[in-house]
Structure formats: C-alpha cells, structure tokens
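The structure appears below as structure tokens.
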Number of protein chains: 2
Amino acid sequence: MLLEATLRASDHRMTRPRRVVWDVLNSTGRHLSAAEIVDAVHELDPGINSSSVYRTLGLFADLDLVRESRLTDEASTWEVAHPDDVIHLVCSLCGATTHHATDAVDALRTQLGAGSDFHAAGIDVRVTGTCSNCITRLHD
Amino acid sequence: MLLEATLRASDHRMTRPRRVVWDVLNSTGRHLSAAEIVDAVHELDPGINSSSVYRTLGLFADLDLVRESRLTDEASTWEVAHPDDVIHLVCSLCGATTHHATDAVDALRTQLGAGSDFHAAGIDVRVTGTCSNCITRLHD
DNA sequence: ATCCCTGCAAACTATTTGCACGGGA
DNA sequence: TCCCGTGCAAATAGTTTGCAGGGAT
C-alpha cells in the first residue's frame with residue numbers, strides 16, 4: 001500500500017505499469033539493471049512497454065521510492081530505497097552485490113557535520129572486492 | 001614522466017593523443033566528463049579523434065592512472081587516480097565536486113577485515129549534499 | 001468528462017568497433 | 001622494418017521523446 005499512498009499523495013495515478021514495476025522491484029531483494037527490470041516486467045505482462053518502465057523508474061526515484069546506483073562501471077542498477085548506512089559490497093569476480101550494515105557511515109556523517117562546511121544529505125558507499133564464495137572457490 | 005614510464009613498463013607507446021589526454025586530466029584538478037575531456041583535447045589539438053580519447057581513457061583506467069567515477073546519475077567523470085580514503089562531496093545544487101580526506105574509510109576497511117568474509121579491494125564514498133557556497137547563497 | 005499515462009515508433013547520444021594507413025620503437 | 005595506435009565512419013545500445021488514444025479519477 002506504500003506505493004498507492006505515495007502516488008496519491010503526490011498527485012499521481014495508480015496504473016498497471018507502476019504496480020508491476022513495483023512488484024518486480026520488491027519481489028527480488030537484489031539490485032536490478034534496467035534491462036532485467038524490463039524483462040521481469042514482460043514476464044508478468046508482455047504488453048507493458050519498456051519506455052513506461054523507464055518513465056516509472058524515473059518517477060519512483062523522484063518520489064524516493066527507489067534508488068539508482070552506479071555500482072559497477074557497466075550499467076546502473078535499481079533497488080527499493082533503504083537507509084544509507086546500508087552499504088554495498090560488490091564482488092568484482094562474480095558481480096554479486098550484497099548489503100552490509102555499518103556504523104562507519106554514521107561516524108562519517110558526524111565527522112562531516114563537525115569538521116567541514118558541507119551539509120551532507122546522502123552517503124553512498126561502494127566497496128569492491130571479493131566475496132566469500134569466490135574466495136573459497138579460489139582455494140580449490 | 002609518470003605517464004611515459006607507466007606506458008613503457010606496460011608495453012605501450014607514447015603517442016600524442018595519450019599525452020594530450022594526460023595533460024588535460026592533470027591541468028584541472030576537477031572531475032571531467034568524457035565530453036569535457038574531448039572538448040579540452042580538441043582545444044589543444046583538433047585533429048585528435050574522440051574515439052582515441054575514449055580508447056585512451058580506457059587504457060589509463062586499466063593502468064590505474066585515472067579513475068572513472070559515477071558521481072552523479074547523469075554522466076561518469078574521470079580524474080587522475082588518488083588514494084581511496086579521499087572521498088567525494090558532490091553538491092546537488094551547483095554540481096561542484098570536492099575532495100575530503102577522512103579516516104572513516106580506514107575504519108570501515110578494518111571493520112570489514114575483521115567482521116565480514118568479504119575481502120575489500122577498493123572503497124568509494126560519495127556524499128551528496130550542499131556545499132558551503134550554496135549554503136551561504138541560500139541565506140541571502 | 002477530464003487529462004494523465006500509456007504504447008508505439010522514431011530520435012537521440014554516448015560509446016564502441018572494423019578497417020586501412022601512418023607514426024613510434 | 002614492424003606492428004601498435006590512430007582517424008574515419010558506420011554500427012551499436014540504452015534511453016528519451018512526440019504523439020494520439022485509452023484508462024484512472
């Protein structure tokens with residue numbers, strides 16, 4: 001119901017493409033590229049045009065319902081918005097992205113508030129490296 | 001001379017496009033989009049093709065001479081490589097990007113090394129917010 | 001009944017690639 | 001001399017936009 005409420009509150013209509021895109025984003029906890037979202041949407045309803053998916057993602061981003069991340073250098077990915085003390089660990093071998101909660105972000109925010117004259121709104125942390133699966137695989 | 005040495009060490013030739021792109025990247029401390037780099041290169045030598053600029057940026061990235069950052073959602077930007085405990089503050093009003101040194105990154109790296117089973121290689125921190133200039137401008 | 005949102009198709013733009021020549025080693 | 005890197009032009013791919021009709025309110 002979060003979706004419908006947010007849409008109504010911002011004078012937008014509840015439509016089928018918007019619901020389907022929302023369902024797709026929520027049914028996988030994963031990060032999805034635009035192309036993956038388009039595919040998943042088509043699986044649920046082949047009639048929905050990809051331009052509608054793009055427009056919907058843009059709208060959701062404006063409403064802070066989803067977040068676009070440039071995790072890799074290849075494509076940007078989308079996911080349901082989450083607090084920004086959840087950071088991203090991106091495995092450069094298998095490409096898997098996991099979330100990791102940390103207080104380092106809060107520490108940084110405090111530090112910025114005190115020391116610099118920059119007012120921080122959002123903090124994005126991306127860690128590239130090797131995930132546990134790939135580490136153990138390398139040991140074979 | 002860092003450029004020539006690095007190129008030779010990796011069996012690459014020193015050519016005019018490579019030198020010009022390197023000069024452009026070093027003459028501004030700023031973050032430059034690919035388009036800005038192409039323009040600046042053309043100002044120095046209109047004969048250099050943009051595809052060479054792209055190829056050169058790719059090569060420099062492979063050699064860790066420069067770094068591609070997806071700071072904003074619009075375009076990716078390039079800059080001379082720097083240690084990754086230098087984080088980026090991006091002003092969402094004027095778009096200016098500044099650097100900020102912090103130990104929070106080291107703290108995070110330590111935390112990751114101890115707690116999780118993810119081996120961190122690189123850490124990228126992007127802070128969006130309002131820079132001091134824009135803050136004071138808002139107070140008028 | 002109104003007009004927002006959609007599907008469709010075309011446009012756009014940034015980046016990549018194939019190829020033959022010229023310049024660096 | 002050798003062959004890597006270049007300029008050129010065409011191809012590619014992801015995303016955006018104009019338009020007219022249909023659906024949400």
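Bear in mind that the values here come from a model prediction, so they are computed numbers and not experimental data. Reminder, nothing fancy here: chain letters follow the sequence lines and each chain counts from 1.
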Any donor-acceptor pair, under 3.5 Å, between the side chain of B:Arg16 and the base of D:dG5, if you only look at N and O atoms?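 Not at all, since no donor on one side and acceptor on the other fall under 3.5 Å apart.
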
| If you look at every strand shown and take non-hydrogen atoms under 4.0 Å, does A:Ser50 touch a base, only sugar-phosphate, or nothing? |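 The answer is nothing, as A:Ser50 stays clear of every strand by at least 4.0 Å.
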
Rounded interatomic separation in angstrom, taking [atom1] from [X] and [atom2] from [N]:
X: A:Asp62; N: C:dC4; atom1: CG; atom2: C1'; answer: 16 Å
X: B:Arg13; N: D:dC4; atom1: CZ; atom2: P; answer: 7 Å
X: A:Ile37; N: D:dG14; atom1: CD1; atom2: C1'; answer: 13 Å
X: B:Met14; N: D:dC4; atom1: CE; atom2: C1'; answer: 15 Å
X: B:Asp45; N: C:dG23; atom1: CG; atom2: P; answer: 13 Å

From [options], pick the nucleotide closest to the side chain of [X]?
X: A:Tyr54; options: D:dC3, D:dG7, D:dT15; result: D:dT15
X: B:Asn49; options: D:dT15, D:dC8, C:dG7; result: D:dC8
X: B:Ser52; options: D:dT6, D:dG5, D:dT25; result: D:dT6
X: A:Ala34; options: D:dT15, D:dA24, D:dG7; result: D:dT15
X: A:Arg18; options: C:dT17, D:dT25, C:dC5; result: C:dC5
X: B:Ser51; options: D:dT16, D:dG7, C:dT6; result: D:dG7

